[in-house]
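Given the structure is predicted, the values throughout are model-derived calculations rather than measurements.
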Amino acid sequence: MVPDDLREKWELVQARAEVLFLADHGGGHPDCLSGDGMTPADRRVTLRRLGFRVAEEYEMPGRDWDELQPWVRLTNDVAVSLADGFVSRAKAR
């Protein structure tokens, strides 16, 4: 049982682990970066709270291909869509 005074830290550790797990296993939408009300700025703040650091910012085509969406590459090579929270990581070659 996690003590009450460590509950918030525990939840951050779990959220960080979910981001990394999904990124390394084909990609996905972690709970901490999902949600209809989340903005790209909200996702940036969440990534920072989880201890991630941005190495690069770029844009990629969205579903319509004529609309560019903001993405970030973290220092651990995880790519994050700031538009919808999707995470992925390319395997090292």
(request) Taking Arg73 for its side chain and Ala79 for its backbone only, find out whether a donor-acceptor pair lies under 3.5 Å. (result) no
(message) With a 6.0 Å cut-off (strictly less than), is the heavy-atom count around OH of Tyr58, excluding the residue itself, greater than 12?
(response)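 Check passes, neighbour count above 12.
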Is there a side-chain contact between [X] and [Y] in this structure, where contact means two heavy atoms from C-beta onward sitting under 4.5 Å apart?
X     : Y     : result
Arg53 : Arg48 : yes
Val80 : Arg43 : no
Pro30 : Val87 : yes

(message) Taking the six-membered ring of Phe52 as reference, does the cationic atom of Arg16 (NZ for Lys, CZ for Arg) lie under 6.0 Å from its centre and within 45° of its axis?
(response)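 Yes.
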With hydrophobic residues grouped by side-chain heavy-atom distances under 4.5 Å, do [X] and [Y] end up in a single group?
X     : Y     : result
Trp71 : Leu47 : no
Phe86 : Met60 : yes
Leu50 : Val54 : yes

(request) Considering non-hydrogen atoms only, spot the tightest contact between Thr46 and Met38 and give its length. (result) OG1-CE, 3.6 Å
(message) Which heavy atom of Val72 sits nearest to which heavy atom of Arg44, and what is that distance?
(response)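 For Val72 versus Arg44, the nearest heavy atoms are CG1-NH2, 4.0 Å.
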Would you give the length of the straight line joining atom [atom1] of [X] to atom [atom2] of [Y], rounded to the nearest 0.5 angstrom?
X     : Y     : atom1 : atom2 : value
Ser81 : His29 : OG    : NE2   : 7.0 Å
Leu82 : Leu33 : CG    : CG    : 9.0 Å
His25 : Leu20 : NE2   : CG    : 11.0 Å
Leu12 : Arg7  : CG    : CZ    : 12.5 Å

(request) Using the side-chain hydrogen bond (donor to acceptor under 3.5 Å, both in side chains) rule, take Ser34 and Asp31 through it: C-alpha gap first, then chi angles, then the decisive distance, then the call. (result) CA-CA 5 Å; Ser34 299; Asp31 292 339; 5.3 Å; no
(request) State whether Arg89 and Asp77 are salt-bridged, where the test is any N-O pair (Lys NZ or Arg NE/NH1/NH2 against Asp/Glu carboxylate O) under 4.0 Å. (result)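 No, Arg89 and Asp77 are not salt-bridged.
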(request) Test Val78 against Ser88 for side chain to side chain contact (heavy atoms under 4.5 Å, CB included), laying out the working first. (result) CA-CA 6 Å; Val78 171; Ser88 65; over 6 Å; no
